[in-house]
Protein chains: 2
Amino acid sequence: MREEGVLKPASATIRDVARHAAVSVASVSRALNGHSNVHPDTRARVLASAKSLGYVPHAGARSLSLARSHAIGVVLPDLHGEFFSEIVRGMDREAGAHGYHLLLSNMHADAELAAQAMRSMRGRVDGLIVMAPQIDATGLDEALPAGIPTMLINSPDSTGRGAMRVDNRAGIDAIVRHLLASGRRALVHVAGPAGNIDARERREGFLAAMARHAPGQPSRVIEGNFREEAGERAVATLLDEGEAVDGIVAANDMMALGALQALREAGLDVPDAVAVTGFDDVPLARYMGLTTVRVHLADMGARAVARLIDALEHPSDRPGGDTEWLTPTLVVRTTTTERTDP
Amino acid sequence: MREEGVLKPASATIRDVARHAAVSVASVSRALNGHSNVHPDTRARVLASAKSLGYVPHAGARSLSLARSHAIGVVLPDLHGEFFSEIVRGMDREAGAHGYHLLLSNMHADAELAAQAMRSMRGRVDGLIVMAPQIDATGLDEALPAGIPTMLINSPDSTGRGAMRVDNRAGIDAIVRHLLASGRRALVHVAGPAGNIDARERREGFLAAMARHAPGQPSRVIEGNFREEAGERAVATLLDEGEAVDGIVAANDMMALGALQALREAGLDVPDAVAVTGFDDVPLARYMGLTTVRVHLADMGARAVARLIDALEHPSDRPGGDTEWLTPTLVVRTTTTERTDP
DNA sequence: CCGTCGTCTGTAACCGGTTACATAGACGCG
DNA sequence: CGCGTCTATGTAACCGGTTACAGACGACGG
């Protein structure tokens, strides 16, 4: 039983406005949406009524009848700090500029949960941006809902979808060349988690770069998981084994920072004794003087949104199913070269 | 392995399922939503049809008829890096755990745009989380849509809304006491932007703490804007004037880091010559050894979501219009005390 | 054998917008 | 004066779900 002491501030509907302005709902709709075939007097009356009733259109109803929600679903893995914020911020900026909203849904490595998350977005988003580096190609294909425009970021290829990819091999190649050029020879790669596509490409890129630019040199890989502690553990392992190392190529910045800290705590000078490099160029890297390659995460997110919106608003164009590669740029800082005063 | 016979691009609706299973839409709806009054045979037939058609319920339509969207609108100012990601992550975690989505909308300092953003969420979210530290109380009251449950974060009070607030005065008080206890006397506060409620409270907190704990000491305030450069500029100003200073109390971490860098470039030792403190404890602060107060941003976001969802699902309870204060905790690092090996 | 009850199902009216189509006037013209 | 055109408006059918209500049917008790 509804016992409302005061009058309930239930939002006005378009029919309330129509009644108040003594016109039909069609005229209200036309007036509010700026259609041309509305008499100026009618439009004025409608606008006045809408304002006086505090009418705000019901976006849900609107998108149901238009089959257009002006929202973009974003499905990301459980990302850490800066990585997450940079990407989302780039997306948000671009989406906002085009009048779109972002509907977020995190997903935990599991492909089944990812599929679940994507399904639950049917009917509330116009398109999807999916980042699933840890899911294999067939798993991804099964999880992706059909019939909704989708952009993939750093995920396995899926036929017919647009994609944004970081050129991991080129990035690692630049790192390796830089280290070799500065005289380092005994390089070790601290890899990312198995099953992650970026981690895999960086590992392969490392081995390929070594084979190409320093044939004959041994190239070692230590397993990691993209987390800071993995970098520390990798250094501990190397020290335990007493192996000669003068360069550590981490698969991402956080592991590089872990390694950096462990090296310094062990009394080894960076970069004199050992050089350290990362990957991604999170903001933290600049503060810590970490040499790395810059990915421009925000731009990648923004670009993904821009392409998706373009595909949404010009469906006539080709399906946009191509992959755009972003080439990361080398950023040399003090973990590989002496500080030179600016 | 499934054969792709006829490729049906348009998604199936509940009526398609009903036709396929030779039942009414009502039965399909009941079967899929687990109502009890459905014959087991019917339910099985419906589920089979739904699966074979690849049916996924249309969330938009569903929320229209249920007047429930299971989405929470999030309106944030244009936040920087870690601050943004920490809060959003906390919210996302909590929302996901309760089966809610987050609908993001950035807003640029302008109150009018904020109002716009909130209005555009009518009908697609069940509740709103708003963080508007830069809008004054009356502006906020006008912008907030009526009739939708709202939680405020670090915003001016608005009657009848729940709120989460950081106890800025307590945080600054702890900082000031810590500095005074370590023998510093000539403290300077680098303030945040005018109009920002957190900035204002921290400034007032600084003056109050100085008056209380070090009466007679001069207490100076330099204007800033929460950005790194403002910290650098503040130091430049102090050096120009040749004023004696042994402690800089920045209104947030980024300005503290800017000041830290400027001091070191000027050849002044931190903490020996000058101590530096921040506010927020962004992850970066730990790496830079910055003494600060920790706000637990993620927890604040999560708590805001939890309270909002609670209010949504138990509307019978009291309107939840009270303010929850989070007391930040002092984190002492090397910018105020000598490094002692851990 | 009939009335009652409980279980299962279908019809149709919502939710709050948009818009195709029909229609009513106003106007111009032969 | 009759007819075609054009403009402004209203009616009602959507969009894709949920659910109140009513009806069909079988079981059960009297």
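Residue numbers start from 1 in every chain, and the chains themselves are labelled A, B, ... in the order their sequence lines are given, proteins ahead of strands. Since the model is a prediction, treat every value here as computed from it, not as a measurement.
Residue A/Ser24 has a polar side-chain atom (N or O) positioned under 4.0 Å from OP1 or OP2 of D/dG10. Listed pair A/Ser65 / C/dG16 fails the phosphate criterion, with no side-chain N or O lying under 4.0 Å from OP1 or OP2.
Spacing between atom CG of B/Asp41 and atom C1' of C/dT9 amounts to 14 Å, rounded to whole angstrom units. Residue A/Arg15 contributes atom CZ, which lies 6 Å from atom C1' of C/dG16 at whole-angstrom precision. As a whole-Å value, the separation of A/His70 NE2 from C/dG17 P is 16 Å. In this structure, the CZ atom of A/Arg19 is 12 Å from the P atom of C/dG17, given to the nearest Å. A straight line from CZ of A/Arg122 to P of D/dC15 spans 12 Å, rounded to a whole angstrom. Atoms CG (B/Leu66) and C1' (D/dA20) sit 14 Å apart, rounded to a whole Å. Atom NE2 in B/His35 sits roughly 13 Å away from atom C1' in D/dA20 (whole-Å rounding). Separating the CG atom of A/Asp16 from the C1' atom of C/dC15 is a distance of 13 Å, rounded to the nearest angstrom.
Within residues 55-62 of chain A, no residue has a heavy atom under 4.0 Å from DNA chain D. Using a 4.0 Å cutoff on non-hydrogen atoms, the parts of residues 25-34 of chain A near DNA chain D are A/Val25, A/Ala26, A/Ser27, A/Arg30, ordered by number.
Residue B/Ser63 is out of contact with every strand shown, counting any heavy-atom pair closer than 4.0 Å.
In this structure, the nucleotide among C/dT9, D/dA8, D/dG17 sitting nearest to the side chain of A/His39 is D/dA8. Of the candidate nucleotides C/dT18, C/dG10, D/dT9, C/dG10 has the atom nearest to the side chain of B/Val23. Picking from D/dG17, C/dG17, C/dT19 the nucleotide with the shortest atom distance to the side chain of B/Ile14 gives D/dG17.
Every side-chain contact (heavy atoms from CB on, under 4.5 Å) that B/Ser155 has, sequence neighbours left out, goes to B/Ala132, B/Leu140, B/Leu152. Shown here are the salt bridge (charged side-chain N to carboxylate O under 4.0 Å, His left out) partners of B/Arg303, two or more places apart in sequence or in another chain: B/Glu324. Under the ring pair (Phe, Tyr, Trp, His ring centres under 6.0 Å) criterion, B/His70 pairs with B/Tyr100, not counting sequence neighbours. The side-chain hydrogen bond (donor to acceptor under 3.5 Å, both in side chains) test applied to A/Asp136 returns A/Thr138, not counting sequence neighbours. Remark: B/Leu326 pairs with B/Met164, B/Met300 by the side-chain contact (heavy atoms from CB on, under 4.5 Å) rule, at least two apart or across chains.
Between A/Asp322 and the options A/Arg165, A/Arg307, A/Arg161, a salt bridge (charged side-chain N to carboxylate O under 4.0 Å, His left out) holds for only A/Arg307.
Note: A/Leu102 CG to A/Arg89 CZ = 13.5 Å, rounded to the nearest 0.5 Å.
Counting only residues at least two apart or in different chains, side-chain hydrogen bond (donor to acceptor under 3.5 Å, both in side chains) contacts with residues 43-57 of chain A comprise A/His20-A/Ser49. Note on residues 18-38 of chain B: pairs passing salt bridge (Lys or Arg N to Asp or Glu O under 4.0 Å), not counting sequence neighbours, are B/Asp16-B/Arg19. The side-chain hydrogen bond (donor to acceptor under 3.5 Å, both in side chains) contacts involving residues 56-65 of chain A comprise A/Asn33-A/Arg62, where partners must be two or more places apart or lie in separate chains. Among pairs with a residue in residues 115-125 of chain A, those fulfilling salt bridge (Lys or Arg N to Asp or Glu O under 4.0 Å) read A/Glu112-A/Arg119, at least two apart in sequence or across chains.
Along DNA chain C, the nucleotide closest to B/Arg45 and the one closest to B/Leu64 are compared, and the more 5′ of them pairs with B/Arg45.
For the residue pair B/Ser69 / B/His101, no side-chain donor-acceptor distance below 3.5 Å is found, with atom types taken as modelled.
The rotation axes computed at either terminus of the helix from C/dC1-D/dG30 to C/dG30-D/dC1 lie 70° apart, taking five pairs at each end and rounding to 10 degrees.
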